[in-house]
Asks: 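This is the structure, below, for whatever I ask next.
Side-chain atoms are counted along with the backbone in the values below, which use heavy atoms only and exclude waters and symmetry mates.
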Amino acid sequence: MPVLRQVLPTCFFDGDCENAETATLLDVQVKELKLNNGSPCSGHAEMFDTWPGEHKYVRQWFILENGKAVAIDEDPNSDWRFPVIDYEI
């Protein structure tokens, strides 16, 4: 599996957003990719799950090997954010 820096969009690295907590996790291995929207097909249902955090413009998020989860919050009214939460399986 890739590390977080390999799956984040290029806008994360532009420096326009405050993402200090996410930046400390860039070299942590991604354990799973989750999609927050769409209808799961029977063969890939495990890929679909609701983001357990508070941000509401999340389409995809990642579970990291260290027990954290990172989302891409694509807020149409501001810069994208990359919130981090503790994730319990």
Asks: Applying the 4.5 Å side-chain criterion to the ILVMFWY set and letting contacts propagate, would Leu35 and Leu8 be lumped into a single cluster?
Replies: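 Yes: a chain of side-chain contacts under 4.5 Å links Leu35 to Leu8.
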
Asks: Is the closest side-chain heavy-atom distance between Arg81 and His55 below 4.5 Å?
Replies: yes

Asks: Answer whether the closest heavy-atom distance between the side chains of Phe82 and Glu21 falls below 4.5 Å.
Replies: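 In short, these two side chains do not touch, never coming nearer than 4.5 Å.
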
Asks: Measuring only between side-chain heavy atoms, which start at C-beta, is Asp27 closer than 4.5 Å to Leu4?
Replies: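 Of all side-chain heavy-atom pairs linking Leu4 with Asp27, none is under 4.5 Å.
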
Asks: Do the non-hydrogen side-chain atoms of Thr22 and Val84 ever get within less than 4.5 Å of each other?
Replies: yes

Asks: How long is the straight-line distance from CG of Leu26 back to CZ of Phe13, given to the nearest 0.5 Å?
Replies: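 So the gap between those two atoms works out to 5.0 Å.
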
Asks: For the CD atom on Glu54, are there more than 12 heavy atoms of other groups (residues, nucleotides or ligands in this structure) within a distance under 6.0 Å?
Replies: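 Counting other residues, nucleotides and ligands, CD of Glu54 stays at 12 neighbours or fewer.
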
Asks: Could you measure the distance from the CZ atom of Phe62 to the CD atom of Gln60? Nearest 0.5 Å is fine.
Replies: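 So the CZ of Phe62 and the CD of Gln60 are separated by 4.0 Å.
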
Asks: So, applying side-chain contact (heavy atoms from CB on, under 4.5 Å) with Ile72, which one of Pro9, Cys11, Pro83 is it?
Replies: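 The passing option is Pro9.
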
Asks: Say whether, by atom type as modelled, one donor and one acceptor occur between the side chain of Asp49 and the main chain of Lys34 under 3.5 angstrom.
Replies: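 Such a contact is absent between Asp49 side chain and Lys34 backbone.
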
Asks: Any heavy-atom pair between the side chains of Trp61 and Ile63 that's under 4.5 Å?
Replies: yes

Asks: Side chains of Val28 and Lys68: does their closest heavy-atom pair fall under 4.5 Å?
Replies: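 Not touching, per the 4.5 Å side-chain cut-off.
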
Asks: Specify the closest pair of heavy atoms between Pro52 and Ile85, including all atoms of both residues, with the distance to one decimal.
Replies: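 Answer, listing the atom of Pro52 first, then Ile85: CG-CD1, 3.5 Å.
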
Asks: Would the distance check show the side chain of Ser78 and the main-chain N or O of Asp75 forming a donor-acceptor pair, the cut-off being under 3.5 Å?
Replies: no

Asks: Can you measure from CZ (Arg59) to CG (Asp73) and round to the nearest 0.5 angstrom?
Replies: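 Interatomic distance, Arg59 CZ to Asp73 CG, rounded to 0.5 Å: 11.0 Å.
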
Asks: Determine, using the 4.5 Å side-chain heavy-atom cutoff (strictly less than), whether Tyr57 and Leu33 are members of one ILVMFWY cluster.
Replies: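 Result: no, two separate clusters.
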
Asks: Decide whether Val3 and Tyr87 are clustered together by the hydrophobic rule: side chain heavy atoms of Ile, Leu, Val, Met, Phe, Trp, Tyr closer than 4.5 Å, transitively.
Replies: no

Asks: For Val58, is there any backbone N or O sitting under 3.5 Å from a side-chain donor or acceptor partner on Asn36?
Replies: yes

